[in-house]
Amino acid sequence: MEREVARQVEIFRRGVVDLIEQSELEERLTESLVQKRPLRIKFGMDPTSPDLHVGHAVPLMKLRALQELGHQIVLIVGDATAMVGDPSGRNKLRPPLSRAEIEHNLQTYVDQVGRVLDVKKTEVRRNSEWFDKMEFQDVLKLASRMTVARMVERDTFQKRMSENEPIGIHEFLYPLMQGWDSVMIRCDLELGGTDQLFNLLRGRDLQREESQPGQICFTTRLLNGSDGRKMSKSYGNAIAFNESATEMYRKLTEVPDDVLHDWFVTLTTLDLTEVEEILRGDRRAASLRLAAEITTFFHGVDAVQAAREDYEKRRAGGIPDDVPEADWPEPGAELPLMVLLARVGLASSSSEGRRLVEGGGVKIDGVVVKDPKAALSQPARSLVLQVGKNRFARVRGSR
RNA sequence: GGGGAGAUUCCGGAGCGGCCAAACGGGCCAGACUGUAAAUCUGGUGGCUCAGCCUUCGGCGGUUCGAAUCCGCCUCUCCCCA
């Protein structure tokens with residue numbers, strides 16, 4: 001029994017930053033084992049963007065491991081909270097999302113989560129289930145559970161106040177709403193990113209006030225993208241779930257060396273001693289291994305093999321196989337290179353096309369061309385345009 | 001309710017009425033170097049079939065030969081007082 005508890009605690013703790021409190025976790029695990037009652041572990045996601053990325057995979061991988069231990073994962077889809085917007089880590093007031101946007105994002109969410117978790121074994125709840133039923137007086141009652149002073153101590157609010165950024169009153173409600181979710185589903189533990197600790201603790205407080213045992217809170221590290229900022233699609237530094245195997249593999253090989261350790265620990269299921277061994281070796285090999293591990297998880301072994309070949313090919317300066325194709329934009333007409341780049345989507349405008357060409361970043365069939373106005377006519381077969389190292393387009397010929 | 005400050009290109013932040021498509025920094029893109037990593041260095045960063053032209057400085061009007069810069073109103077934000 002004790003050994004089993006210790007084993008599970010070890011799994012709970014892997015890659016975890018905060019754990020409040022470990023002794024409680026041990027007690028509750030023991031209780032769970034004795035009563036043969038799985039722990040209810042809550043994880044909330046607000047459907048604020050349609051795509052999940054590997055940053056989201058960190059807590060999901062953790063949940064997966066806990067699910068395999070037989071615990072009950074409760075996924076809260078925050079369709080009500082999404083309308084408020086979590087202020088954590090935000091330096092700007094966000095425009096609230098509309099119901100329609102939320103519904104749209106929500107559709108794709110559960111599918112994507114299903115790539116990591118066993119959705120059949122997961123309890124999926126929307127928090128509009130209880131928030132839509134609330135009367136205004138219930139809201140007031142909930143709001144009275146928190147003081148302004150405590151809310152305002154938070155880093156994010158401190159920062160925004162000192163930078164004279166606006167803070168909406170409704171934003172103060174967010175942590176309380178998230179905490180109320182915990183009360184409603186009577187959860188034992190809640191998982192979140194490190195920026196969620198404040199919110200998680202509100203759930204613990206609220207549960208206690210409602211005479212429930214306070215949830216145990218634990219957090220996982222937030223992943224940074226290649227630029228050091230928090231990974232986010234809007235920063236363009238994210239690796240999405242729905243990315244092709246070759247793209248995913250390639251992007252993963254570009255992960256900075258100094259985060260390799262964290263990524264191995266949080267995103268792979270490799271044994272920790274093995275991870276140490278890999279990292280003691282060649283850095284380059286380690287980063288390739290990471291790419292292989294994660295890509296395998298999402299796309300399978302065969303896809304990784306193909307991705308690796310593609311990667312090697314690019315590295316050698318060759319043209320990869322899965323180049324997106326495009327038609328000649330204006331059949332019969334000649335087009336300056338800068339315009340063609342924009343038309344086939346390799347540049348966001350012909351002005352940008354011109355800059356890229358002048359900067360020496362554009363190749364036609366592997367040859368650098370530096371004249372943005374070079375007139376091109378539709379090729380007989382096809383030609384391959386390349387911008388930078390990784391962006392390609394094959395323009396189809398006339399037949 | 002009263003008083004003050006402010007809104008600039010992705011972000012931060014300069015900007016004598018003409019020399020402003022708008023300094024500088026960050027980010028981003030491209031190039032060099034490399035392990036197609038990091039760091040560093042170089043160039044670029046509104047649009048247009050582009051030596052020229054067109055549209056930008058919260059919104060709408062006005063003054064002027066000429067406005068991001070001056071005036072009026074509006075919208076939004078912050079600060080102080082109550």
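All chains are named by letter (A, B, ...) in the order of the sequence lines, taking the proteins before the strands, and each is independently numbered beginning at 1.
Here A:E358 lies out of heavy-atom contact (under 4.0 Å) with every strand. Residue contacts shown for A:S349 are limited to sugar-phosphate atoms, with no base heavy atom under 4.0 Å away. Residue A:L260 is out of contact with every strand shown, counting any heavy-atom pair closer than 4.0 Å.
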Would you list the protein and nucleotides 1-7 of chain B atom pairs, both N or O, that sit under 3.5 Å from each other?
none

Scan nucleotides 30-32 of chain B against the protein and return all N/O pairs shorter than 3.5 Å with their distances rounded to 0.1 Å.
unit_1	atom_1	unit_2	atom_2	d
B:rA30	OP1	A:R391	NH2	3.2
B:rA30	O2'	A:G359	O	3.4
B:rA30	O2'	A:G361	N	3.4

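Taking the C1' atom of each, B:rG44 and B:rG26 are spaced 16 Å apart, rounded to whole Å. One P atom belongs to B:rA67, the other to B:rU40, and the distance between them is 44 Å to the nearest Å. B:rU55 and B:rG66 have their P atoms separated by 16 Å, given to the nearest Å. Comparing the same atom, C1', in B:rA32 and in B:rG58 gives a spacing of 42 Å after rounding to whole Å. Look at the P atom in both B:rC10 and B:rG59: the space between them is 13 Å, to the nearest Å.
Pair assignment for B:rU49: none, as no Watson-Crick or G-U wobble contacts are both less than 3.5 Å. Checking B:rC70 for Watson-Crick or G-U wobble geometry (two distances, each under 3.5 Å) identifies B:rG62 as its partner. Searching all strands for a Watson-Crick or G-U wobble partner of B:rA7 with both distances below 3.5 Å returns B:rU75.
At the phosphate of B:rA37, neither OP1 nor OP2 sits under 4.0 Å from any side-chain N or O atom of A:S287. Using a 4.0 Å cut-off, some side-chain N or O of A:S350 falls inside it from OP1 or OP2 of B:rU49. A:R355 has a side-chain polar atom (N or O) that falls below the 4.0 Å cut-off from OP1 or OP2 of B:rG47.
Considering only heavy atoms from C-beta on, A:P320 stays 4.5 Å or farther from A:T246 through its side chain.
Applying the 3.5 Å distance criterion, the base of B:rG35 shares no donor-acceptor pair with the side chain of A:D282.
When only modelled atom types and interatomic distance are considered, A:R64 and A:Q67 share no side-chain donor-acceptor pair under 3.5 Å.
When distances are taken from the side chain of A:D257 to each of B:rC79, B:rA37, B:rU49, the shortest belongs to B:rA37.
Legend: residues meeting ring-ring contact (aromatic ring centres under 6.0 Å, His included) with A:F172, ordered by chain and number and at least two apart, are A:F157.
Between A:E254 and A:K251, no side-chain nitrogen of the basic residue sits less than 4.0 Å from a carboxylate oxygen of the acidic one, so the salt-bridge criterion is not met.
By the 6.0 Å and 45° rule, A:R202 stacks over the aromatic ring of A:F198.
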